[in-house]
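Encoded as structure tokens, the structure appears first; notes follow it.
To find a chain, count down the sequence lines: A is the first, B the second, and so on, and within it residues start at 1. The shown structure was predicted, so the numbers you read here are calculated from the model rather than taken from an experiment.
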Amino acid sequence: MANQERTISTPEFISGNALQIATYQVLQQDGSIIPGAVVPELDQAEAGKIYRAMVFTRVLDERMLAAQRQGRVSFYLQSTGEEATTVGFAAALDDADMIMAQYREQGALAYRGFTADEFMNQLFGNDLDYGKGRQMPIHYGARDLHYMTISSPLATQIPQATGYAYGQKLAGDKRCTVTVFGEGAASEGDFHAALNMASVLRVPVIFLCRNNGYAISTPSSEQFAADGVAPRAVGYAMQAIRVDGNDVLAVIKAMQEARKIAVEHNEPVLVEAMSYRLAAHSSSDDPSGYRNKAEEDKWRAKDPILRLKNWLLSQGWWSEEQEKALYEELRQQVLEAMKRAQQRPPPPLDAMITDVYDRPTPLLQSQLEALRAHVGKYPEAYPKSAGGAKHG
Amino acid sequence: MANQERTISTPEFISGNALQIATYQVLQQDGSIIPGAVVPELDQAEAGKIYRAMVFTRVLDERMLAAQRQGRVSFYLQSTGEEATTVGFAAALDDADMIMAQYREQGALAYRGFTADEFMNQLFGNDLDYGKGRQMPIHYGARDLHYMTISSPLATQIPQATGYAYGQKLAGDKRCTVTVFGEGAASEGDFHAALNMASVLRVPVIFLCRNNGYAISTPSSEQFAADGVAPRAVGYAMQAIRVDGNDVLAVIKAMQEARKIAVEHNEPVLVEAMSYRLAAHSSSDDPSGYRNKAEEDKWRAKDPILRLKNWLLSQGWWSEEQEKALYEELRQQVLEAMKRAQQRPPPPLDAMITDVYDRPTPLLQSQLEALRAHVGKYPEAYPKSAGGAKHG
Amino acid sequence: MAEMNLLQAINNALDIAMAGNDKVICFGEDVGVFGGVFRATSHLQEKYGRERCFNTPLVEQGIIGFANGLAAQGSIPVAEIQFADYIFPAFDQIVNEAAKFRYRSGNLFNVGGLTIRTPYGGGIAGGLYHSQSPEAYFAHTPGLKIVVPRNPHQAKGLLLAAIRDPNPVLFFEPKRIYRAAVGEVPEEDYELPLGQAEILKEGEDITLLAWGAQMGYLEKAAALAEKEGISCEVIDLRSILPWDIDTLARSVMKTGRLLISHEAPLTGGFAGEIAATIQERCFLYLESPITRVTGLDTPFPLVLEKEYLPDHLKIFEAIKHSVNY
Amino acid sequence: MAEMNLLQAINNALDIAMAGNDKVICFGEDVGVFGGVFRATSHLQEKYGRERCFNTPLVEQGIIGFANGLAAQGSIPVAEIQFADYIFPAFDQIVNEAAKFRYRSGNLFNVGGLTIRTPYGGGIAGGLYHSQSPEAYFAHTPGLKIVVPRNPHQAKGLLLAAIRDPNPVLFFEPKRIYRAAVGEVPEEDYELPLGQAEILKEGEDITLLAWGAQMGYLEKAAALAEKEGISCEVIDLRSILPWDIDTLARSVMKTGRLLISHEAPLTGGFAGEIAATIQERCFLYLESPITRVTGLDTPFPLVLEKEYLPDHLKIFEAIKHSVNY
Ligand SMILES: Cc1ncc(C[n+]2csc(CCOP(=O)(O)OP(=O)(O)O)c2C)c(N)n1
Ligand SMILES: Cc1ncc(C[n+]2csc(CCOP(=O)(O)OP(=O)(O)O)c2C)c(N)n1
Ligand SMILES: [Mg+2]
Ligand SMILES: [Mg+2]
């Protein structure tokens with residue numbers, strides 16, 4: 001119930017900008033720490049693991065955009081510029097915390113150990129793809145890594161995360177769910193539903209908004225009038241923090257604190273990571289139609305990978321030789337995995353009807369049989385399945 | 001784009017209660033004005049009109065709940081306790097401003113001059129009902145009074161109000177739209193959509209939330225964790241005010257100011273009127289299952305009609321004789337209108353298929369003909385339409 | 001055996017499901033202390049605590065989104081949508097999410113534990129928005145199961161099966177007969193099979209098919225027809241998705257005639273799917289066109305709802321018409 | 001006449017509608033500066049200003065809610081849903097609100113000015129969520145009109161008619177042929193009638209019916225069949241709701257056979273409604289069962305989408321099967 005204790009007798013409106021939220025940052029682009037900043041504890045091994053995941057992500061993105069241009073895959077979506085957010089948040093979690101992401105969070109998967117082969121099997125939709133070649137490239141999922149399979153409809157995962165975390169709370173397993181979404185997706189009705197339910201039901205879920213300035217061509221100034229997404233938290237009595245999304249140390253620390261609030265107090269938290277989508281929205285997009293190069297360059301100068309590298313160098317934990325070797329190793333790894341994945345066959349024809357229900361219905365079975373016979377009759381028209389249809 | 005200028009280097013979370021919003025009140029229960037309060041300008045005639053509409057609403061509600069208990073109408077829904085809000089907001093508007101309400105705002109209609117007969121025709125769904133007997137009782141609408149026909153699905157009218165007001169802005173007619181909804185309905189996704197779109201598209205719409213503590217049996221403490229609905233405004237960079245919903249003077253003044261913001265600056269505003277649903281949710285509900293009498297009594301003592309009466313008395317604008325006469329007059333008016341409405345025939349059988357499209361399709365026409373023939377064959381089974389079917 | 005009405009049977013099923021499995025969780029608007037506006041969840045919060053039976057905020061898309069996540073986590077949510085007319089804000093979470101969850105993840109994840117209960121149907125003076133029968137809107141969605149019980153005994157057994165079925169199930173409850181349908185219901189735990197129609201009465205001349213509250217009209221019409229010497233085979237479809245083609249086709253091959261009735265509007269209603277399938281499966285056996293007796297192609301009216309409903313008289317007329325074709 | 005592809009024809013129709021009437025307003029996700037992800041609204045913001053052509057926030061329920069209000073106010077909104085797969089969050093605003101607005105108010109208010117445009121259909125490697133054909137989900141809703149064009153000329157004339165029709169219209173654009181379908185399109189303003197099917201080719205042995213991109217497969221299959229001496233009558237339904245029963249019934253009474261094809265899954269698809277209606281209207285004329293050639297009862301796959309699609313070969317086989325019944 002609302003606070004009716006305090007009354008006033010003049011009709012004062014609260015300003016729409018009554019709440020200003022600063023951005024938490026600790027690491028500067030040259031790799032130095034802001035004096036007096038609160039930084040996360042991070043040893044050399046962990047810092048190296050994080051850096052490696054960020055570089056892997058960058059390498060994967062570059063290679064696969066090229067592969068898309070060459071017509072090897074039908075679609076790709078880069079996360080360039082946001083690797084500090086997508087790797088950093090995962091590094092702050094318990095590996096068994098559930099992640100329910102949007103689609104641009106390959107960094108988190110890389111951090112959790114999804115292999116180059118696993119990425120490639122999904123991207124090529126081959127017989128080893130966990131998703132059985134059903135979804136477009138980049139719709140990864142990994143049960144063992146507690147990473148929910150991506151689905152294209154935006155924001156649907158946000159209330160689902162609230163529900164998932166409610167189940168974790170009831171199970172008493174001291175875990176949380178983190179759901180990641182863009183500032184565009186945060187406009188969906190599901191966002192409001194999710195945050196309100198989480199706060200009133202006291203659910204251990206972290207809402208991580210990647211505010212990267214754009215939703216395809218729509219700048220955030222046409223997405224909302226408010227100062228970002230973080231101020232919405234007070235509408236749900238929810239704690240919130242805004243963090244520099246290009247500062248991996250700040251992201252880690254903010255998420256560690258957020259996780260404490262969620263897991264120790266069974267309270268949802270909102271984290272807004274400020275960054276920029278440096279690449280096109282996806283391989284289908286051309287940003288030159290809606291934004292200028294100067295803006296991009298401004299953000300390119302804030303490259304989160306370079307920023308972390310500078311810090312690693314300043315710590316004496318990294319060298320240019322190691323840098324070169326790392327890129328070479330990862331490029332090789334990605335290239336070889338791509339070749340392997342590309343050579344594998346597509347999923348079998350049965351994959352058309354499995355997993356619709358726990359077991360195919362008689363109607364589905366008869367539809368598959370009819371299809372198999374048809375493909376058998378016109379094998380040249382259905383090259384992907386003709387082999388399987390022949391063998392029965 | 002969010003304010004990234006200000007940075008901090010410690011991970012401080014904003015509190016979920018970072019924003020406390022006081023309640024604007026000017027009139028006390030004894031009819032006295034809080035010293036120094038800002039009150040609306042109100043002459044005796046207007047004050048009388050407002051009081052009359054409030055009393056009419058109360059009288060209508062009492063009569064119709066009784067009528068429902070007697071089985072004369074299938075359903076009714078009272079607004080007892082909220083008349084200051086529902087009449088007061090209408091009094092603050094231009095009569096040509098559009099109202100898109102929820103269902104408990106009969107006070108606004110009464111203020112705008114919807115007659116007792118018009119109420120009754122809808123409640124009885126007779127041949128004069130503008131809605132042609134299609135919707136349940138209390139789903140009023142009046143084109144000339146700029147009062148959108150009520151529809152049962154909650155919150156759908158909120159984004160519609162944003163769109164309506166956008167059209168008003170483009171037409172340049174210096175009008176606004178006011179949409180009214182409960183604190184329960186404000187949980188719907190449509191609420192979020194509506195407020196965000198209104199603020200980013202700069203639309204002259206006033207979002208008036210009636211926070212009456214309950215959504216059927218669900219107390220607002222199980223509806224949201226936040227301090228009411230008003231704090232959500234900062235998430236949309238929207239001005240907002242909380243007002244004592246039992247104080248008609250405060251409601252009028254707050255709404256007048258809100259209207260200025262909307263119409264003069266093409267800006268949406270959020271107004272939260274704090275009140276209490278004194279009656280059951282509707283004639284189908286029994287609140288004894290979910291709340292106690294002590295709570296009800298606390299609020300009954302804050303009766304908004306009595307509060308205004310006390311002020312009128314203190315102004316020397318009202319007397320107990322006038323009070324008695326008014327109640328008698330209105331009771332009589334309502335009773336007679338009810339009798340008239342009850343005697344009228346139901347809508348004709350054609351009303352089954354008109355208004356589905358601008359003109360009935362051939363399929364609809366043939367369905368009506370088949371129905372007419374069938375009713376003609378079994379007239380006793382369809383008493384409501386048998387007469388019409390016979391005459392063709 | 002105990003005498004129960006349909007609501008009590010549902011309440012009893014929920015009680016048994018919750019008692020037998022800690023993972024079963026019931027929620028929705030007003031389902032907590034109050035026990036739901038129809039009282040289907042009465043006393044469940046008292047018995048199983050606020051964490052397992054609770055009010056949600058008023059947001060159907062959130063209720064089902066939350067339920068999907070909870071099911072993915074391994075819990076067994078039984079979500080209530082207060083009226084089927086208000087299920088549409090959750091349409092995306094049902095049709096794009098729940099239905100496709102298992103398929104799109106290659107079975108890494110699924111929301112098989114999900115059950116959505118909702119009262120549907122007209123005849124209670126509800127007008128446009130407290131009367132709809134939206135089953136056909138969902139029947140075009142592979143991955144969902146859809147179930148409609150006709151009486152208390154069926155309701156209990158089908159609901160228990162729905163809750164335990166490893167697929168998301170939509171369970172439509174005929175609210176017109178919530179209290180009117182009374183019958184003997186076993187007190188113990190039992191399940192009735194999903195996906196199977198039931199032949200209620202064997203007959204020779206025509207097959208009559210419906211589901212839910214509409215079964216009452218069907219049986220009344222069959223009785224009228226019998227008086228005129230027409231022998232009707234009466235079938236309750238029970239599951240709309242997947243639906244029992246074989247039972248129906250066998251019956252129509254025997255009788256040579258089929259009438260299907262539902263309350264929802266004609267165009268795009270599920271009777272269309274059934275008629276299309278059966279005319280193909282039984283082409284050489286049909287002695288007259290398959291007949292549909294349904295609501296009109298309009299929203300649901302209020303004052304003239306008797307006129308709108310596909311009642312026993314309309315069905316009776318259609319039976320005669322079919323037999324005399 | 002000018003040569004245009006389907007997207008250009010749509011863009012041209014929007015341009016003409018906006019130029020001719022100030023009340024026409026176009027909006028949706030990315031439709032402003034960018035002109036929409038498929039560029040259907042290219043240059044409209046430049047020409048008509050940001051107030052009449054603009055980006056909305058990313059919220060489909062809001063877009064259609066807003067559009068409903070705008071239409072009620074007297075404007076003529078043309079709202080874009082970026083992909084038909086994402087129309088479901090707006091389902092309530094379409095099915096419960098837009099469709100029932102006029103009826104429930106006794107025509108005090110209406111949203112007849114509303115048009116919703118959305119690209120639909122598969123065959124573009126879009127997987128589950130960039131391939132759906134959801135027309136049947138809406139076809140169960142009295143009050144809506146549903147239109148699907150098959151080529152640029154049709155698209156322009158039907159879209160102009162849809163925008164000016166005094167009822168809410170859903171306009172599904174076959175995105176697979178957005179650029180592939182090229183043809184002569186009159187440069188001037190013209191309308192094609194809603195609710196009327198079009199016979200593209202007369203024939204004697206079987207009637208083939210489809211809509212949208214599926215017409216391409218139908219015509220290819222008809223050509224294959226002709227080679228085997230089977231004469232096909234090819235019909236484009238064009239409007240799903242209300243649909244042109246008479247034209248189709250006349251054709252089937254002549255040919256005695258009917259095949260209907262759509263991309264959406266079989267069960268609950270609109271072919272069911274058509275088959276049910278036609279078996280009743282043409283019972284004594286049918287020489288073989290009405291055949292449906294459709295997508296499988298599964299979500300839309302990615303890698304095996306060729307297998308999923310009801311292509312010309314599947315239709316051709318079904319034609320032969322029907323004729324040889
Ligand atoms: C419900 C829904 N509507 C529209 C789309 C189409 N779409 C895909 S991505 C996107 C923009 C998302 O922007 P944002 O959430 O900011 O994430 P970002 O791409 O910036 O990471 C849109 C409109 C969709 N996938 N789902
Ligand atoms: C979409 C939708 N969901 C559920 C309902 C059923 N319902 C009718 S009124 C109501 C409670 C509304 O509470 P609130 O918005 O606070 O308004 P109040 O009744 O307190 O004035 C509910 C749940 C509905 N009408 N529409
Ligand atoms: Mg973004
Ligand atoms: Mg309320």
Original post:
Is it the side chain or the backbone of Glu60(D) that comes within 4.5 Å of chain A heavy atoms, both, or neither?
Top reply: both
Expected list for residues 259-268 of chain D: side-chain donor-acceptor pairs under 3.5 angstrom, two or more places apart:
| from | atom 1 | to | atom 2 | distance (Å) |
| --- | --- | --- | --- | --- |
| Ser261(D) | OG | Gln214(D) | NE2 | 3.0 |
| Ser261(D) | OG | Val293(D) | O | 2.8 |
| His262(D) | ND1 | Ala264(D) | O | 3.1 |
| His262(D) | NE2 | Ala271(D) | N | 3.3 |
| Glu263(D) | OE1 | Gly122(D) | N | 2.6 |
| Thr267(D) | OG1 | Asp297(D) | OD1 | 3.2 |
| Thr267(D) | OG1 | Asp297(D) | OD2 | 2.8 |

Original post:
Atom CG of Leu368(A) and atom CD of Glu307(D): how far apart are they, to the nearest 0.5 Å?
Top reply: 11.0 Å
Original post:
Got a sec, which pairs hit salt bridge (Lys or Arg N to Asp or Glu O under 4.0 Å) with one end in residues 28-48 of chain D, sequence neighbours left out?
Top reply: Asp15(D)-Lys47(D)
Original post:
Are side-chain heavy atoms of Lys314(D) and Leu371(A) found at a separation under 4.5 Å?
Top reply: yes
Original post:
Leu58(D), Leu296(D), Val59(D), Thr56(D): which one forms the most heavy-atom pairs within less than 4.5 Å of chain A?
Top reply: Leu58(D)
Original post:
Below 4.5 Å, heavy atoms only, C-beta onward: do Gln82(D) and Ile216(A) meet side chain to side chain?
Top reply: yes
**OP:** Any chance you could measure Leu302(D), atom CG, to Phe75(A), atom CZ, to the nearest 0.5 Å?
**Re:** 11.0 Å
Subject >> Residue part contacting chain A, namely of Phe38(D), when any heavy atom lies under 4.5 Å >> reply: neither
Subject >> Nearest-0.5 Å distance that lies between atom NZ in Lys384(A) and atom NZ in Lys306(D) >> reply: 9.0 Å
Original post:
With only heavy atoms counted, which part of Ser74(A) is less than 4.5 Å from chain D, the side chain, the backbone, both or neither?
Top reply: side chain
Subject >> Under 4.5 Å from a heavy atom of chain D, the part of Leu363(A) involved >> reply: side chain
Original post:
Distance from Met352(A) atom CE to Thr298(D) atom OG1, nearest 0.5 Å?
Top reply: 5.5 Å
Original post:
For the atom pair OG (Ser385(A)) and OH (Tyr308(D)), what is the distance rounded to the nearest 0.5 Å?
Top reply: 15.0 Å
Subject >> Asp285(A) portion near chain D, given a 4.5 angstrom heavy-atom threshold >> reply: side chain
**OP:** Quick one: which of Gly289(A), Gly189(A), Pro346(A), Ala155(A) has the most heavy-atom pairs under 4.5 Å with chain D, could you say?
**Re:** Gly189(A)
**OP:** Identify which of Leu304(D), Leu128(D), Val33(D) forms the greatest number of heavy-atom pairs closer than 4.5 Å to chain A.
**Re:** Leu304(D)
Subject >> Contact class of Pro348(A) relative to chain D, heavy atoms under 4.5 angstrom >> reply: backbone
Subject >> Best-contacting candidate, Pro153(A), Pro383(A), Gly184(A), Ala215(A), against chain D by heavy atom pairs under 4.5 angstrom >> reply: Pro153(A)
**OP:** Sequence neighbours left out, what pairs pass salt bridge (Lys or Arg N to Asp or Glu O under 4.0 Å) with at least one residue falling in residues 133-142 of chain A?
**Re:** Arg134(A)-Asp355(A)
Original post:
So with a 6.0 Å cut-off around NZ of Lys220(D), is the heavy-atom count from everything else above 12?
Top reply: no
Subject >> Positions in residues 91-99 of chain D that reach chain A, provided some heavy atom is under 4.5 Å away >> reply: none
Subject >> Heavy-atom pair with the smallest gap, counting every atom of Ala125(D) and Met136(A) >> reply: O-CG, 3.7 Å
Subject >> Residue selection (most heavy-atom pairs with chain A, distance under 4.5 Å) from Phe88(D), Tyr129(D), Phe300(D) >> reply: Tyr129(D)
**OP:** Would you name the heavy atoms of Gly125(A) and Val303(D) that are closest together and state the gap between them?
**Re:** O-CG2, 3.4 Å
Original post:
Just checking, any donor-acceptor pair under 3.5 angstrom between side chains of Asp311(D) and Tyr378(A)?
Top reply: no
Subject >> Closest-packed option against chain D by number of heavy-atom pairs under 4.5 Å, given His281(A), Glu188(A), Lys132(A) >> reply: Glu188(A)
